Amino acid sequence: MPELPEVETTLRGLQPHLVGQRIHGVILRRPDLRWPIPEQIERCLPGSTITVLRRRAKYLLIDTDGPGSALLHLGMSGSLRVLPGDTPPKAHDHVDISLENGRLLRFNDPRRFGCLLWQERGQAHPLLGELGPEPLSDAFDGRYLHRLSRGRSAPVKTFLMDQRIVVGVGNIYAAESLHRAGISPHRAAGKVSLAAYERLAQAVREILAYAIERGGTTLRDFISPDGAPGYFEQELLVYGREGEPCRRCGQPLKHAVLGQRATVWCSRCQR
């Protein structure tokens, strides 16, 4: 599933092509993706102008000067491309948002785990209502993690991946951040010290920022809007490397399932 850096990469690739453009029309080739597509998408988007393209967690919001915003999630395998308006649709091209400049935004989603929803102006969609802070914002730091973790017995990796705690830190970046911070993913969240959480918050911020700079992580289906792959996968230190030597100490990396997610760590470097 695309994680925060992949969604941010998509956002940055789309912004110069969409912001300020007037929407001509919407073509839905099916009535639903993960959930039914609200009727406001076809009724309210045409004729409006895109004012802002922004990200909240792993969601993209297309704000307009109309009565609301389109809310998109790429799901497991979704992608968004800006294409010439006469580009024939291919398999799994489920949605076209055509622009008055002759181009279109196309949503392709083979597995249909993505979504296209509607958010009324001045309201937060229920999917966004209980999300934690952005990991690259000033609201996220070690003291924040330490305060929310007190008394929690859940593993720190599970705690870090809880979107109510902090958004956008999925399996890949949680594993990499814990390795950089020297924290075992199995350690109880409430037993991690303030100093360790300060290292962890810094690791999360640095790794996510660098992954965005590198264009995200290409795992299975993800490609950026210009068709280019992300390159951070080539620099992963633990994720997907079970049994291989730790690049820090040489110890073979361990593997387990934690919170129903594959977890790889170094038992020597991470305590």
Side-chain angles (χ1 to χ4, degrees), residues 1-16 18-19 50-63 69 71-74 119 121-152 154-183 185 187-217 224 230 232 235-237 239 270:
M1 178 181 291
E3 297 193 21
L4 185 151
E6 290 75 59
V7 180
E8 183 68 24
T9 297
T10 297
L11 169 69
R12 296 183 183 188
L14 294 175
Q15 272 179 328
L18 298 183
V19 175
I50 298 172
T51 56
V52 177
L53 194 66
R54 57 192 172 99
R55 177 189 57 77
R56 179 67 172 114
K58 299 178 187 179
Y59 294 92
L60 285 173
L61 290 104
I62 301 176
D63 293 341
S69 307
L71 178 71
L72 299 106
H73 193 289
L74 298 178
Q119 177 174 279
R121 178 185 295 276
Q123 300 180 17
H125 193 279
L127 289 172
L128 309 182
E130 296 185 359
L131 295 177
E134 294 284 334
L136 299 178
S137 72
D138 292 340
F140 175 75
D141 59 18
R143 290 185 180 277
Y144 167 81
L145 289 175
H146 184 260
R147 175 170 55 83
L148 264 63
S149 68
R150 295 306 86 188
R152 293 181 181 248
V156 63
K157 182 167 182 268
T158 304
F159 171 73
L160 185 62
M161 292 176 61
D162 185 338
Q163 299 297 292
R164 295 166 298 181
I165 302 299
V166 59
V167 301
V169 185
N171 198 26
I172 299 170
Y173 299 103
E176 295 296 309
S177 299
L178 287 164
H179 180 264
R180 178 175 292 194
I183 302 169
R187 195 194 301 185
K191 299 296 185 182
V192 177
S193 69
L194 173 58
Y197 271 125
E198 288 177 337
R199 294 198 309 271
L200 180 58
Q202 184 65 22
V204 168
R205 296 171 70 94
E206 290 175 353
I207 286 172
L208 288 176
Y210 184 65
I212 291 169
E213 177 186 327
R214 297 287 283 158
T217 305
S224 65
F232 188 68
E235 302 172 50
L236 296 174
L237 296 183
Y239 183 88
Q270 296 173 249

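Since we're looking at a predicted model, the values are computed, not measured.
- The minimum heavy-atom distance linking F140 with E134 is given by the pair CB-O, 3.5 Å.
- How far CD of E213 is from CG of L208: 13.0 Å, rounded to the nearest 0.5 Å.
- The 12-atom threshold is exceeded at CZ of R150, counting heavy atoms of other residues, nucleotides or ligands nearer than 6.0 Å.
- When all heavy atoms of V167 and G132 are compared, the pair lying nearest together is CG1-O, 3.3 Å.
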(message) Show, in sequence, the C-alpha distance, side-chain angles and deciding distance for D141 and R143, and conclude whether the salt bridge (charged side-chain N to carboxylate O under 4.0 Å, His left out) test is met.
(response) CA-CA 6 Å; D141 59 18; R143 290 185 180 277; over 6 Å; no
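- Between L160 and V166, the shortest heavy-atom contact is O-CG1, 3.5 Å.
- Atom CD1 of I172 sits about 9.5 Å away from atom CE of M161, to the nearest 0.5 Å.
- Under the ring-ring contact (aromatic ring centres under 6.0 Å, His included) criterion, Y144 pairs with no residue, sequence neighbours left out.
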(request) Give the C-alpha distance, both sets of side-chain angles, the deciding distance and a yes or no for salt bridge (charged side-chain N to carboxylate O under 4.0 Å, His left out) between R12 and E8. (result) CA-CA 6 Å; R12 296 183 183 188; E8 183 68 24; 2.9 Å; yes
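- With rounding to the nearest 0.5 Å, the separation of CG in L61 from CG in L71 is 5.0 Å.
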(message) One pair to check against side-chain contact (heavy atoms from CB on, under 4.5 Å): K58 and L74. What are the steps and the verdict?
(response) CA-CA 8 Å; K58 299 178 187 179; L74 298 178; over 6 Å; no
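- Judged purely by atom type and a 3.5 angstrom limit, S177 has no side-chain atom pairing as donor or acceptor with the backbone of L200.
- Panel note: side chain Q202, backbone R199; no donor-acceptor pair is recorded below 3.5 Å.
- I183 and A196 make their closest contact through CD1-O, 3.5 Å (heavy atoms, listed as atom of the first residue, atom of the second, distance).
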(message) The test is side-chain contact (heavy atoms from CB on, under 4.5 Å); show your working for L136 and I212 and say whether it passes.
(response) CA-CA 11 Å; L136 299 178; I212 291 169; 3.9 Å; yes
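- Considering only residues two or more places apart in sequence or on other chains, Q270 meets the side-chain hydrogen bond (donor to acceptor under 3.5 Å, both in side chains) condition with none of them.
- You'll find the side chain of R152 reaches within 4.5 Å of the side chain of I165, heavy atoms only.
- The distance from atom CD1 of I62 to atom OG1 of T51, rounded to the nearest 0.5 Å, is 10.5 Å.
- Atom CZ of R164 and atom CG of L148 lie 10.5 Å apart (nearest 0.5 Å).
- Between the OG atom in S69 and the CG atom in L53 there is a gap of 10.0 Å [rounded to 0.5 Å].
- The residue from L4, I207, L178, L236 that alone fulfils the side-chain contact (heavy atoms from CB on, under 4.5 Å) condition with Y173 is I207.
- Looking at every heavy atom in both residues, A203 comes nearest to R180 through CB-CD, 3.8 Å.
- Taking each heavy atom of Q119 and L128 in turn, the nearest pair found is OE1-CD1, 3.4 Å.
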